[in-house]
Amino acid sequence: MVTAGAQGREVLWTRDSLQSKDMPEIEINETERQARYNPAEIEPKWQARWDADPKLYAAEGHDSGKPKFYCLEMLPYPSGQLHMGHVRNYSIGDALARFMWMRGHNVLHPMGWDAFGLPAENAALKNNTPPREWTLQNIAAMKKQMRRMGLSYDWSTEVTTCLPDYYRWNQWFFLQMYEKDLAYRKKSKVNWCPDCQTVLANEQVVNGRCWRHEDTIVEQRDLTQWFLRITKYADELLDGLEKLDGWPEKVRTMQRNWIGRSEGALVNFAVAGETGTENKEREDCSKITVFTTRVDTIYGATSVQLAPEHAVAKAFASEDAELAAKIEALLEEQKKARESDDFGAIEKHGVNTGRFAINPFNGERVPIWVGNYILADYGTGAIMSVPAHDERDFEFAQKYGLPVRRVIAAEQGDQPELPFTAEENAVLINSREWDGLRCIEAQQKMAAFAKQNGFGEPTVTYRLKDWGVSRQRYWGTPIPMVYCENGHDSPEPGKPRVEPGGVVALPESALPVLLPDSIAITQEGGSPLGKVPEFLHTTCPVCGGPARRETDTMDTFVDSSWYFYRYTDAKDEAAPFASDKANYWFPIDQYIGGVEHAILHLIYSRFWTKVMRDLGMITNDEPAERLFTQGMVIKDGAKMSKSKGNVVSPDDMIARYGADATRMYALFAAPPDRDLEWQEEGVAGISRFLGRVYRLVTKYAETTRKAGIPRLASRTITDQALLRTLHQTIAKITLDFSGRWHFNTSIAAIMSLVNEIVAAETAIDAEQASPVAVAEIIRNLILLLAPFAPFFAAEMWEQIGEEGVVFRTPWPVADEELARENEIEIPVQVNGKLVNVIRVPAESDEAAIKRAALADEKVKARVEGKNVVKVIVVPGKLVNLVVK
RNA sequence: GCCCGGAUGGUGAAAUCGGCAGACACAGCGGACUUAAAAUCCGCAGACCUUAACCGGUCGUGGGGGUUCAAGUCCCCCUCCGGGCACCA
């Protein structure tokens, strides 16, 4: 078999028949030989043809009989300009999608727009253009750029998240979640970005700063907000990572850290002198609940440490002005530290409250301190301090002269110096009836004991917090809730009355809640929607009385949490998507994007998938089977940015060298997972390479056209050599596509093949090659280039007289027989040093190779007069003679 | 501090399973073609030593040690760069 496409029309030619008169001769077209590769002409020509065929890249039906392949690149924010990072991302995805098509898969390769978000509002302020208009213009511009790049998207499934036919389903999901108690409202401390004028999710705060404003310190505000209960899925999100072996380890580790599961125990310390019942006005201070992962060390606790914001600390402070001032100072230190880049480095400070807590295990009275290193938002905001077995506690105890008591000892051998934290091979001491137990065992037994006796319990805490989705911005999905001014009970049975107005979920029939179009965007605080009376004022769907709409909009990460499901059924007006369609395409076979979304989009969308599964909409547990995170595009050693002035515009590159050369360079310059240094000379080099191929193909186009693709029965030496390289190249590239994706080496292999053909031109022109072999080589060369340079391949395909669509032509299959070498080169080493390279028949066995190596003159000279101690022969690889 | 990457010629990189280090390009140099240039084609090209030249030799994948007939690749220690997490109890 020559190519899969040749099946069924095999003709056997012989050398004799080739020489007969009616057989094609090698033809060289002198005018075409002069032809120059001109992407500026070729690319728009094919773009126009492809644009005219909306079905060209459309996926086939579920009954196509082909295996499905869902190839997805992360959808962009429509800034109005593609940057090189996009070009790289899409070049990778497009090569893969085209390859999978050629391999006979039913491919879904969609694109869309993450179109809500703050930049549209900022642009509106600056240019006085409504966000909607600005966004839609940008989408049009970027779509044009994508078409110019020749990307194989099925635009019939395009998703634009800022349009009501999409965002209405955000609202629908919100109502579903509200009903299932996965969406709820609560007052809490939230992150506020003064620049964005909105609340941010924890995931959007980086080192205490806004993810969009690196210099802006995020403030903490007490606000009532909507949350999605992602923590309900914390364990599943964590455990699921184990099975995601098609995801980069780096991303899995980041998510593991982010979820931050920690097993431990809660233990109540009674506060001496507090009963907790006598004063209703005062916070209940009768006990302090600490969280610890090392309850086995509790006999070594020599103080209890509270966060400066702990309720008990506040209560104590309210009765003691001096203490209050000190605690306030600790809080300030902590806040400052959290805003700085190295939070871990600040010096520990504390203040003794003068009060005591009682250790429920041994009844010991220990002092209650407030420490600047205790965080209110982790665990319970209170810890037991065990200086002997915790480095931080040790440092603190040394500083303030608190006692250090060893309660853990090594099972055998020397006792390690304090503090030591090991739990392996360590046992309890100084812990009464628990003495001698191993740490791990003691942790379980002591937590169970605390539970039995009502002063504690085993527990699990997470770093992951519920996802705050309310945003005090205009350009987002309106949250489909109203506040009834009659303040009646919520219509849901069992749901408590919420004050001041009843919180009422809109019925599905009221969707979509449309975002008003004309609105004055200002920089003032507060939700812009609150200033639009016709939006704000509505009626309660339960009692018909006056009601106010929720004026916050949803975080844009809601939009991107499920967009890829919508692609499978983008026009559905009755549901977000039809289950059977999603179930056919999901999970995504390959998801490709930047690593910057590792704990934002990629954790939210995993959560959303699990919610949809529990709603019975889909059957998959995870959205994407495999994830690939490409490296950054850099220039002069730094990430491209306007401020550094090192931005290379894709439009420029395409104008100068064409889309094919630009795309191919993005794949050639580095393996896709590594950072890529953009060098324009490299793009020029690829352009020259395509020119070389162009001349080659046009020169032999006539030959190729006439010769067709029959099977050769006998071959010249030139035929054999060229076909061997061709089939080795096919095998190599097919392998690269199967997982490693080192397209840089795929393209290098094509270049080598082309170099070899060019070097053989003299022989070919002297008719030392058969037209049939030339035709096979030219034809397959074009097919190999099709995933990387689609415009170019289409043009070349047409020039050799093919009428079909090149990237729907079956991918060539490597013929092992043709690829096999007759003779191979074997390096011969003496004591590990290369001495010579010998040629032996490919099928030579160990003995034959050994004989050939020992017979070699250079080797003989080197071995002369010495003792050959050992001969190592690795067939097909090398020979090493050990001599003394 | 912890976790994940990475370090190979002037540059981007290759070596997929422990087997010829530097494929393929970029930049450079030399030549052919040309009145000339561009384009194209051919060739050279890790460093050092030796030689008139060929030939030949030594060193060489961030540093040090180890395993092996054989190490860019495996093991131990260290340095630097990038990224993530971080008083998380």
Side-chain angles (χ1 to χ4, degrees), chain A residues 36 206-207 248-258 260-262 264 290-294 297 305 307 334 337-338 342-348 371-375 377-386 390-393 395-396 461-463 595-596 598-599 631-632 634 637 639 665 668-671 673-686 688-689 691-692 695 732 735-736 738-740 742 744-752 754-755 758-759 761 825-837 869-872 874 876-883:
Chain A
R36 291 272 280 274
V206 183
N207 281 336
E249 190 51 46
K250 180 182 176 149
V251 172
R252 295 200 280 168
T253 308
M254 282 166 74
Q255 292 207 358
R256 237 174 251 132
N257 287 342
W258 187 258
R261 182 188 152 100
S262 181
V290 304
F291 171 70
T292 176
T293 56
R294 294 298 301 272
T297 64
Q305 299 280 340
Q334 187 176 80
R338 291 195 105 166
D342 51 346
F343 184 33
I346 70 152
E347 197 176 339
K348 292 173 185 50
N372 66 351
Y373 68 106
I374 310 300
L375 306 173
D377 52 10
Y378 184 80
T380 59
I383 64 157
M384 61 178 201
S385 175
V386 184
D390 182 283
E391 282 173 30
R392 294 154 300 173
D393 294 346
E395 188 190 331
F396 192 89
T461 65
Y462 300 90
R463 210 184 91 101
V595 75
E596 66 272 15
I599 46 175
M632 283 189 304
I634 57 177
K639 188 176 180 175
Y665 175 74
F668 177 67
D673 49 347
R674 256 205 249 178
D675 285 354
L676 182 155
E677 168 78 30
W678 195 270
Q679 290 178 321
E680 190 170 334
E681 299 78 19
V683 190
I686 296 286
R688 278 199 294 274
F689 165 72
R692 203 168 151 88
R695 285 188 298 277
K732 197 249 176 307
L735 185 67
D736 279 340
S738 74
R740 221 173 59 128
H742 280 200
N744 51 332
T745 64
S746 306
I747 294 167
I750 300 175
M751 288 173 170
S752 293
V754 170
N755 289 346
V758 169
E761 269 186 78
E825 292 190 335
I826 302 273
V828 182
Q829 299 176 334
V830 173
N831 288 343
K833 303 257 180 195
L834 182 70
V835 170
N836 203 4
V837 177
V869 182
K870 200 171 174 187
V871 181
I872 290 138
V874 186
K877 292 277 188 190
L878 97 172
V879 178
N880 190 11
L881 306 173
V882 185
V883 302

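Proteins come first, then strands; the chains are lettered A, B, ... in the order of their sequence lines, and each starts at number 1.
B:G60 and B:U73: their P atoms are spaced 13 Å apart (whole Å). Between B:G18 and B:C69, the distance separating the two C1' atoms is 12 Å to the nearest Å. For the C1' atoms, the distance linking B:U68 with B:G19 amounts to 12 Å, nearest Å. Taking atom P in both B:C77 and B:C4, one finds a spacing of 13 Å when rounded to whole Å.
The nearest heavy atom of RNA chain B to A:Met751 and to A:Leu676 marks one nucleotide each, and the one closer to the 5' end goes with A:Leu676. Toward the 5' end of RNA chain B, the nearer of the two residues A:Leu834 and A:Arg294, judged by each one's closest nucleotide, is A:Leu834.
Partners of A:Arg261 by side chain to side chain donor-acceptor pair (under 3.5 Å), not counting sequence neighbours, listed by chain and number: A:Asp235, A:Glu263, A:Tyr462.
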Any N/O pairs under 3.5 Å between the protein and nucleotides 68-72 of chain B? List them or say none.
| from | atom 1 | to | atom 2 | distance (Å) |
| --- | --- | --- | --- | --- |
| B:C69 | O2' | A:Asn880 | ND2 | 3.3 |
| B:C69 | O2 | A:Asn880 | ND2 | 2.7 |

Listing time: all N or O pairs from protein to nucleotides 2-11 of chain B that are below 3.5 Å?
| from | atom 1 | to | atom 2 | distance (Å) |
| --- | --- | --- | --- | --- |
| B:U11 | O2' | A:Gln679 | NE2 | 3.2 |

Grab the N/O contacts between the protein and nucleotides 40-44 of chain B below 3.5 Å, and write none if there aren't any.
| from | atom 1 | to | atom 2 | distance (Å) |
| --- | --- | --- | --- | --- |
| B:U40 | O3' | A:Arg695 | NH2 | 3.2 |
| B:C41 | OP1 | A:Arg692 | NH1 | 2.6 |

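Nearest to the side chain of A:Phe668, among B:A23, B:A89, B:G12, sits B:G12.
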Checklist entry - Taking only Watson-Crick and G-U wobble pairs with both distances under 3.5 Å, what dot-bracket line describes RNA chain B, where [ ] shows pairs that cross earlier ones and | shows pairs with another strand? => result (((((((..(((......[....))).(((((.......))))).((((......))))..(((((..]....))))))))))))....

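In the region residues 379-386 of chain A, proximity to RNA chain B at under 4.0 angstrom, judged on heavy atoms, holds for A:Ile383.
Under the 30°/60° scheme for interplanar angles, the aromatic rings of A:Phe291 and A:Tyr378 are found to stand perpendicular.
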